[in-house]
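What you are looking at is a predicted structure, and each value in this text was computed from that prediction instead of being measured. Order of listing sets the numbers, starting from 1, for every ligand and every atom in it.
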Amino acid sequence: MTLDFAALDRRHLWHPFTAMRQWTAEDPLMVASGEGNYLTDTQGHRYLDGISSLWVNVHGHRCAPLDEAIRAQLDQVAHSTLLGLGNLPSAELAAALIAVAPQGLERVFYSDSGSTAVEVALKMAFQYWQHSGHPRRTHFVALDEAYHGDTIGAVSVGGIDLFHRLFHPLLFQTLRVASPHPYRYAGGSLSPEACRDACLAALEALLAARAEEIAALIIEPRVQGAAGIIVHPPGYLRGVAELCRRHQVLLICDEVATGFGRTGELFASQAEGVTPDLMTLAKGLSGGYLPLAATLTTEAIYEAFLDGPERTFFHGHSYTGNPLACAAGLASLRLFAERDLLTQVRARALRAHALLADHLAPLPPVGELRQCGLMIGVELVADRATRHPFPAERRLGAAVCRAARARGVILRPLGDVIVIMPPLSITDDELETIVKALASSIAETVQ
Ligand code: PLP
């Protein structure tokens with residue numbers, strides 16, 4: 001007997017970020033297998049994975065070296081706890097991460113999702129000041145439209161109204177600064193440089209007035225992913241880092257989305273020569289295979305937790321430092337070096353840039369094309385001149401992605417921004433397929 005998996009899904013599953021009434025009314029695409037940059041459904045249809053399975057997959061699906069690393073670790077042990085015990089892959093991966101992380105980061109604290117990595121960073125920053133003679137430094141600064149995950153601390157520093165508004169009574173107060181988004185900031189009237197400088201000036205004013213109350217600033221370095229692939233003007237991150245340093249505010253770089261090569265650097269902070277005090281990693285850390293996250297920090301922060309049992313960092317998860325996931329992470333990092341992956345990503349990004357210019361820029365509904373490495377956002381607008389959006393009820397982004405799916409490409413929108421974020425192993429030809437499918441889907445959908 002073959003099971004009707006779609007029926008089981010509709011009957012029993014509750015999907016994340018999904019309007020379930022609509023989901024249960026439609027036929028779900030059920031992924032049965034994957035190979036390289038493709039996914040195959042239960043009907044045997046192949047699709048290009050244009051969003052790298054939600055921005056996680058790095059080297060493609062069923063990547064032999066990762067598969068083998070996990071199988072080899074399975075022959076040793078699948079899981080043992082890091083509470084009171086060590087294990088081999090978690091120690092080896094920690095050393096490997098420190099070797100490639102921005103210089104000055106020395107310690108690795110594991111968890112299991114981007115959200116938990118952010119919770120850890122927030123709690124570490126808070127506790128650090130409690131032990132360092134500045135107990136009033138309890139607040140966090142975050143950007144408008146920030147997204148750092150879905151747990152309560154991460155939502156507190158998040159700034160996406162649609163996702164976060166309802167939970168407001170549960171959240172701690174966060175200080176906000178404007179996001180340097182030249183297409184929308186001040187009605188789009190400023191150059192990227194002027195937008196950057198205005199945003200930095202506002203941050204400087206906030207820190208000058210309130211630094212004594214601020215524990216840390218958290219930022220998605222260079223690219224705000226879930227906000228719609230907002231690409232910050234060059235120099236903004238460096239400016240933020242300098243202001244934080246000057247006012248002794250800790251800097252948390254949330255590299256959950258930008259980390260592991262997506263922007264063309266291993267970590268986005270490195271493009272601006274920034275070493276944060278805390279850095280969060282997840283998604284691509286295990287090559288996109290298994291849930292694994294890490295919060296990296298400096299020896300100075302670590303040392304504030306050393307003396308006295310009351311200084312212990314009371315935080316940990318059952319699967320912290322899972323050996324299978326860490327083995328995958330190690331194999332993935334090795335592939336970055338063996339395949340000279342960052343050089344390839346930069347070449348692919350140039351190709352993508354040319355394809356976007358040729359096939360998408362001429363389309364009237366395309367308001368802005370935003371790109372940083374292989375993180376790409378295509379914003380659709382009703383009126384290019386005024387940048388006026390389409391009515392939200394039209395759910396145009398979703399309709400375009402449905403049309404792309406019929407062309408064999410999996411994409412996912414953020415409102416009316418279509419995101420292209422393929423595995424880093426994507427080829428030039430596959431990129432062309434994705435961009436052309438998106439162009440036809442936009443033309444077909446926006447009549
Ligand atoms: N931080 C950033 C910048 C993200 O983009 C995400 C997820 O998209 C998260 C945190 C949360 O990660 P997770 O979904 O693994 O909890």
Between the side chain of [X] and the main-chain N/O of [Y], is any donor-acceptor distance below 3.5 Å?
X    : Y    : answer
S425 : G60  : yes
N37  : P423 : no
S441 : A404 : yes

### Parallel, tilted or perpendicular: rings of F17 and F163 (30°, 60°)
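Judged by the thresholds at 30° and 60°, the geometry between F163 and F17 is perpendicular.
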
### Message
As a test of the contact definition, would atom 15 (O) of ligand 1 count as having a protein heavy-atom neighbour under 4.0 Å?
### Response
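Given the 4.0 Å cut-off, atom 15 (O) of ligand 1 counts as touching protein heavy atoms.
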
Name the atoms and distances for all side-chain donor-acceptor pairs under 3.5 Å in residues 235-249, with sequence neighbours left out.
| from | atom 1 | to | atom 2 | distance (Å) |
| --- | --- | --- | --- | --- |
| R238 | NE | E272 | O | 3.4 |
| R245 | NH2 | T275 | O | 3.3 |
| R246 | NH1 | E204 | OE2 | 2.9 |

### Task
Using a strict 4.0 Å cut-off to heavy atoms of S115, name the atoms of ligand 1 that fall inside it.
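This gives 11 (C), 12 (O), 13 (P), 16 (O) as the contact atoms.
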
### Message
Can you name the atoms of ligand 1, numbered from 1 with element, that are less than 4.0 Å from a heavy atom of D254?
### Response
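Counting from 1, the qualifying ligand atoms are 1 (N), 2 (C), 3 (C), 10 (C).
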
### Query
Residues in side chain to side chain donor-acceptor pair (under 3.5 Å) with E220, at least two apart?
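With sequence neighbours excluded, E220 shows a side chain to side chain donor-acceptor pair (under 3.5 Å) to no residue whatsoever.
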
### Message
Regarding atom 11 (C) of ligand 1: of the candidates G158, G149, P16, which has the closest heavy atom?
### Response
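Looking at heavy atoms only, the winner is G149.
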
### Query
Which bit of S113 gets closer than 4.0 Å to ligand 1, counting heavy atoms only: side chain, backbone, both or neither?
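Both backbone and side chain.
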
Which residue and heavy atom of the protein sit nearest [atom], plus the separation:
atom                    : answer
atom 6 (C) of ligand 1  : Y147 CE2, 3.5 Å
atom 13 (P) of ligand 1 : G114 N, 3.4 Å
atom 9 (C) of ligand 1  : V256 CG1, 3.7 Å

### Query
Is there a heavy atom in K283 that sits closer than 4.0 Å to ligand 1?
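In this structure, K283 qualifies as a contact of ligand 1 - some heavy atom is under 4.0 Å.
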
### Query
If you measure every N/O of A257 against every N/O of ligand 1, is any gap under 3.5 Å?
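Checking ligand 1 against A257, no N or O pair falls under 3.5 Å apart.
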
### Query
Which heavy-atom pair separates L83 from H317 by the least distance, and what is that distance?
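Minimum heavy-atom contact is CD1-O, 4.4 Å.
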
